[in-house]
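This report refers to the structure that appears directly beneath it.
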Amino acid sequence: MRMSRMYLPTLKENPAEAEIPSHQLMLRAGMMRSLTAGIYTYLPLGYRVIRKIENIVREAMDESGAQELLMPVVQNAELWKESGRWDKFGPLMIKFQDRKGRDYCLGPTHEEVITALVRNEIRSYKDMPLNLYQIQTKVRDEIRPRFGVIRGREFIMKDAYSFDADYEGLDKSYQAMYDAYTKAFADCGLDVKAVEADNGAMGGEGSHEFMVIADVGEDHVAFCNKCDYAANIEKAAAGYKKAVQEESLKDIEKVYTPKQKTIDEISSFLNIDKAKTIKSLAFLVDGEPVLVLLCGNDQLNEVKLLNYLNGEEIVQVEDEEFEKYFNSTPGFIAPVGMKKGVKILADLRVKDIVNGVTGANETDYHLINVNPERDFTADDYLDLRVVQNGDLCPVCDGRLELKSGIEVGHIFKLGTKYSESLGATYLDENGKEQLIIMGSYGIGISRLVAAAIEQHHDEKGIIWPKAIAPYQVIILALGNEEELIRVSEKIYDELSKKGIETLLDDRDERPGVKFNDADLIGIPLRITIGQKSLKNKIVEARVRRTGDEIEIPLENAIERILEVLDNIE
RNA sequence: CGGAGCGUGGCGCAGUUUGGUAGCGCACCUGUUUUGGGAACAGGGGGUCGAAGGUUCAAAUCCUUUCGCUCCGACCA
């Protein structure tokens with residue numbers, strides 16, 4: 001492509017709307033422009049990268065035996081009502097009516113459509129395993145679009161759905177996707193980590209997320225520094241070893257603690273370690289009062305609580321309702337003498353507290369020398385806290401390290417959630433009707449572009465891994481002398497003929513502009529041709545990532561350029 | 001939705017406190033000279049100051065309403 005004719009509007013300055021590197025660079029490098037919040041047009045350069053990634057993903061999917069199809073963007077409400085998600089997914093969907101007043105939505109995901117499709121075709125266990133996928137635009141009315149294409153309201157996703165006759169089949173399908181994802185991300189030249197994840201709203205059991213580790217990531221991931229344990233913080237468990245306590249139990253005592261409501265306040269007021277305070281949190285889980293106990297310096301992981309209770313919704317109790325539900329008072333609520341019928345759940349670490357501090361269920365009073373099991377009993381002790389940096393690994397004796405990451409892929413074992421609600425069944429070997437076992441597998445294609453930039457850029461611009469670079473080579477023709485043009489064009493033509501995606505910067509611009517644009521758009525290999533180099537009968541190659549400069553003699557230049565290109569990652 | 005901030009030529013911003021009729025840099029057009037890391041000079045085009053209403057002799061500036069965008073929190077690929 002000749003840059004003199006290319007629609008490539010690069011920007012010298014950062015647009016005010018962008019805060020993170022990938023967003024800024026995608027705009028500056030002329031890859032995309034925004035239409036409205038979270039919705040973008042991909043310009044030619046950006047769209048090339050998207051197609052590169054799509055094709056790498058497509059190849060890995062096809063290789064795994066999955067088959068590509070294309071489902072509708074517009075979906076009818078009846079289908080979503082059938083699965084029960086019309087109301088549950090509700091606000092996340094863009095909904096509208098046709099001229100007859102019938103309800104529709106723009107597909108935020110396609111479990112419903114694919115299940116409705118397949119339930120009419122899969123009749124027998126012999127029709128499975130089956131894996132169908134598509135690469136398509138999804139529409140979600142996100143609560144808060146942000147970070148450019150990382151959380152858009154419209155985005156390109158590869159979504160796949162597997163259908164199996166039994167759970168062993170699902171495990172195989174799931175593993176095949178896990179392997180395909182691992183390959184696809186590696187082929188893109190990205191460092192992506194698979195981590196254990198919570199299934200969340202998607203339902204089912206068992207899932208992994210694929211994370212690009214980056215400073216701006218929206219997710220937090222715990223990694224073990226010794227073994228390969230890795231999990232999303234929503235899921236991550238910390239290892240637990242019973243603490244050895246030397247201290248002997250003292251008598252419980254009530255103390256006057258005026259206005260000392262928070263853990264911070266009470267620990268400094270009583271001059272006691274936060275780890276010895278018992279934090280009591282009052283919630284209504286699906287309307288039922290629950291008292292959660294944590295070590296004072298721990299945070300509650302709500303996902304763990306919900307999963308244990310099999311609940312849907314956690315609501316903090318309003319101040320006025322403490323009396324009604326807990327017979328207590330905000331800031332001084334405690335398990336000791338708690339109202340009967342209130343479920344008390346405690347984190348494992350609470351059990352180890354000796355001579356701890358709790359509220360007294362009475363305004364301005366706390367209890368000291370409180371001991372679990374002697375002074376109160378919990379209905380259960382379980383892992384309820386958010387893991388912290390340096391916690392013990394749950395599988396070995398290593399330590400957990402927290403990092404932030406961008407979720408670029410997520411695979412789920414769905415089980416029968418959708419086949420049940422939408423009635424997708426088959427006949428087994430005995431002629432008996434069975435529910436189809438499903439899995440669902442997503443890759444955020446457009447998000448992956450941004451994640452790749454987060455992982456591969458410097459202060460001058462993007463540094464594309466070769467596999468997803470929009471072009472492999474950029475030729476800078478520095479000047480407009482006849483000989484210089486002739487040589488540049490010749491190299492451009494020959495590289496193009498060899499199938500190398502090549503840009504020729506033939507614009508009437510000063511060298512500095514060309515150098516800077518080349519760096520900005522991140523083409524892996526730059527070939528510079530100017531008077532200086534022509535005089536010496538060479539062209540200059542420069543590798544974007546390493547900055548390595550290589551002088552290439554004009555005779556057999558093409559061969560050498562291909563060689564150099566071959567060695568770039 | 002709660003909290004914070006911002007809307008002024010294509011882009012980045014000043015001007016708003018203290019009302020007086022819009023400016024700077026980049027980009028763009030013409031010409032001349034330039035040409036190895038974002039050229040210089042000369043000339044030029046382009047703005048309903050997000051929108052609506054109000055106050056005033058006079059509003060980018062003050063008041064009210066409204067729309068949009070960004071950031072922090074609850075959601076997801």
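Each chain gets a letter, A, B and so on, in the order the sequences are listed, and its residues count up from 1.
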Kindly point out which of [options] is positioned nearest to the side chain of [X]?
X	options	value
A:Val513	B:rG36, B:rA39, B:rG73	B:rA39
A:Arg28	B:rG38, B:rC76, B:rA74	B:rG38
A:Phe515	B:rG37, B:rU70, B:rA77	B:rG37
A:Ser533	B:rG36, B:rG12, B:rA77	B:rG36
A:Phe147	B:rG12, B:rC72, B:rG37	B:rC72
A:Arg144	B:rC69, B:rC72, B:rC76	B:rC72
A:Thr528	B:rC75, B:rG36, B:rA27	B:rG36
A:Phe412	B:rG12, B:rG37, B:rA77	B:rA77
A:Asn516	B:rG36, B:rG38, B:rC75	B:rG38
A:Lys532	B:rC75, B:rA27, B:rG36	B:rG36

Any strand: nucleotide that pairs with [N] via Watson-Crick or wobble, under 3.5 Å:
N	answer
B:rC1	B:rG73
B:rG47	none
B:rU17	none
B:rA60	none
B:rC24	B:rG12
B:rA39	B:rU33

Over how many whole Å does the gap from [X] atom [atom1] to [N] atom [atom2] extend?
X	N	atom1	atom2	answer
A:Met3	B:rG38	CE	P	17 Å
A:Glu19	B:rC72	CD	P	7 Å
A:Asn232	B:rC75	CG	C1'	13 Å
A:Glu13	B:rC24	CD	P	16 Å
A:Arg510	B:rU33	CZ	P	15 Å
A:Glu302	B:rC75	CD	P	8 Å
A:Leu476	B:rG36	CG	P	13 Å
A:Asp517	B:rC26	CG	C1'	14 Å

According to the interplanar angle, ranging from 0 to 90°, do the rings of A:Tyr40 and A:His23 count as parallel (below 30°), tilted (30 to 60°) or perpendicular (above 60°)?
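Answer is perpendicular, since the angle exceeds 60°.
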If the plane angle is over 60° it's perpendicular, under 30° parallel, otherwise tilted; pick one for A:His208 and A:Tyr178.
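Aromatic pair A:His208/A:Tyr178 classed perpendicular.
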Say you draw a straight line from CD of A:Glu142 to CZ of A:Phe155; how long is it, rounded to the nearest 0.5 Å?
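The CD atom of A:Glu142 sits 6.5 Å away from the CZ atom of A:Phe155.
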It should be established whether [X] places a side-chain nitrogen or oxygen under 4.0 Å from OP1 or OP2 of nucleotide [N].
X	N	answer
A:Arg146	B:rC71	no
A:Lys514	B:rG38	no
A:Thr109	B:rC76	no
A:Arg151	B:rC75	no

So, A:Tyr161 versus A:Phe412, ring centres under 6.0 angstrom or not?
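No: the rings miss the under 6.0 Å criterion.
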Okay, side chain of A:Lys514, backbone of A:Ala477: is any donor-acceptor separation there less than 3.5 Å?
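Pair found, side chain donor or acceptor close to backbone of A:Ala477.
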If I pick the [atom1] atom on [M] and the same atom on [N], what distance separates them, to the nearest angstrom?
N	M	atom1	result
B:rU35	B:rG50	P	44 Å
B:rC13	B:rC6	C1'	13 Å
B:rU55	B:rC72	P	41 Å
B:rA60	B:rG54	P	15 Å
B:rG9	B:rG23	C1'	11 Å
B:rU61	B:rA51	P	10 Å
B:rC29	B:rG45	C1'	7 Å
B:rU48	B:rG44	C1'	23 Å

N/O donor-acceptor pair, side chain [X] with base [N], under 3.5 angstrom:
X	N	result
A:Thr36	B:rG68	no
A:Glu509	B:rG38	no
A:Asn14	B:rG12	no
A:Arg526	B:rG37	yes
A:Glu540	B:rG36	yes

Which of these passes side-chain hydrogen bond (donor to acceptor under 3.5 Å, both in side chains) with A:Gln134: A:Gln67, A:His110, A:Glu68?
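Per the side-chain hydrogen bond (donor to acceptor under 3.5 Å, both in side chains) rule, the option paired with A:Gln134 is A:His110, out of A:Gln67, A:His110, A:Glu68.
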Assign each of A:Phe210 and A:Ala16 to its nearest nucleotide of RNA chain B by heavy atoms, then name whichever residue's nucleotide is nearer the 5' end.
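Taking each residue's closest nucleotide, the earlier one in sequence belongs to A:Ala16.
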Need to verify one output field. Residue with the more 5' nearest nucleotide on RNA chain B, A:Leu520 or A:Gly479?
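Closest to the 5' end, via its nearest nucleotide, is A:Gly479.
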Pairing of [X] and [Y] as salt bridge, 4.0 angstrom limit:
X	Y	answer
A:Arg51	A:Glu54	no
A:Asp198	A:Lys304	no
A:Glu111	A:Arg85	yes

Does the side-chain ring of A:Phe155 lie flat on the base of B:rA77, meaning centres under 5.5 Å and planes less than 30 degrees apart?
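Here the ring of A:Phe155 and the base of B:rA77 are stacked, with centres under 5.5 Å and planes under 30°.
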